[in-house]
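The next block holds one structure in the form of structure tokens; read it before the comments.
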There are 2 protein chains.
Amino acid sequence: MADLREGQPQEWGGIWEALGCKWTFHIVRCLDHEPMGFNQLKDTIGGIPASTLSTRLKELGEQDIVSRSVQDTTPPSTRYELTEKGDAVADIISQLEEIEERFD
Amino acid sequence: MADLREGQPQEWGGIWEALGCKWTFHIVRCLDHEPMGFNQLKDTIGGIPASTLSTRLKELGEQDIVSRSVQDTTPPSTRYELTEKGDAVADIISQLEEIEERFD
DNA sequence: CCGTATCCCCTAGGATACTG
DNA sequence: CAGTATCCTAGGGGATACGG
């Protein structure tokens, strides 16, 4: 691989940058169990500031890993859930955790 | 902060923190092709400062993802290569890249 | 209930320079 | 060839406070 810049389209950014952020994999793991709203997500994860959650969620949305839909119910609520791509990412996160256990 | 489910004490740190760093996956990818020395790695990746490479390599060593061995040759050289665990991680990185291509 | 707006602090990233 | 030592700064993490 003489040329990393040309042959490899894989640049820093995208999934990589998102996954590296401190809370990201917690978010994906939570949503892997079931879709949920903002505060529910916040409480389930525990310890994450709302501002940070907001930012991460936006990033994950841009990466098409998480989708956001507003329910017109009473009370009105928002629902975040994994996209098809998000499911694939969640699967990989699981594999990574298996690795840590296996070599523990 | 209620626990979402028992049996998954995955905390921030470890593999996660390491993989999130900007150059880490480049390093793993390079070593996945073949073991190599410090400067060779530096040149192959391109753009990474020696100080940063040094830091990343140390972290990857602590995570048992990369091993370091000194060859008593002339000139003396160092060789970095993936451990068994490192191979597993490299495999996952490939899968992540496949995902990005698939949903591109 | 669902967020965004600020502000502060801290540290990883990077350039540069220097040793074994 | 194989690194370590410094110094600098940009931006992410987090608390707090406030709007839809």
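Ionic pairing of B:Arg79 and B:Glu81 is present here: one or more N-O contacts between side-chain nitrogen and carboxylate oxygen are shorter than 4.0 angstrom.
Heavy-atom distances to DNA chain C give each of B:Lys22 and A:Phe38 a nearest nucleotide, and the one nearer the 5′ end belongs to A:Phe38.
Distance noted for atom P between D:dA17 and C:dC2: 22 Å (whole Å).
Straight-line distance from the NZ atom of B:Lys58 to the P atom of D:dA5: 8 Å, rounded to whole Å. Taking atom CG of residue A:Asp43 and atom P of nucleotide C:dC2, one finds them 10 Å apart after rounding to whole Å. D:dA2 atom P lies 10 Å from atom CG of B:Leu41, rounded to whole Å.
Donor-acceptor pairing under 3.5 Å, judged by distance alone, is present between the side chain of B:Ser51 and the base of C:dA15.
Checking the phosphate oxygens (OP1, OP2) of C:dG3, a side-chain nitrogen or oxygen of A:Tyr80 falls inside 4.0 Å. Put simply, B:Trp23 has no side-chain N or O that comes within less than 4.0 Å of OP1 or OP2 on C:dA12. For A:Arg56, no side-chain nitrogen or oxygen approaches OP1 or OP2 of D:dG12 to under 4.0 Å. At C:dG3, one or more side-chain N or O atoms of A:Arg68 fall inside 4.0 Å of OP1 or OP2 (strictly under the cut-off).
No engagement by A:Arg79 is indicated, since no non-hydrogen atom pair under 4.0 Å with the nucleic acid exists. Using a 4.0 Å heavy-atom distance criterion, A:Thr78 is classed as a sugar-phosphate-only contact.
Nearest to the side-chain atoms of A:Ser77 among the listed nucleotides C:dA5, C:dC2, D:dG3 stands C:dC2. Taking only side-chain atoms of A:Thr52, from C-beta outward, the nucleotide of C:dG13, D:dG13, D:dA15 with the closest atom is D:dG13.
Atom CD of A:Glu84 is surrounded by 12 or fewer heavy atoms from other residues, nucleotides or ligands within 6.0 Å.
Put simply, the side chain of A:Thr44 gets close to the backbone of A:Gln40: a donor and an acceptor are under 3.5 Å apart.
Classification of the A:Phe38-A:Tyr80 ring pair by plane angle, with boundaries at 30° and 60°, yields tilted.
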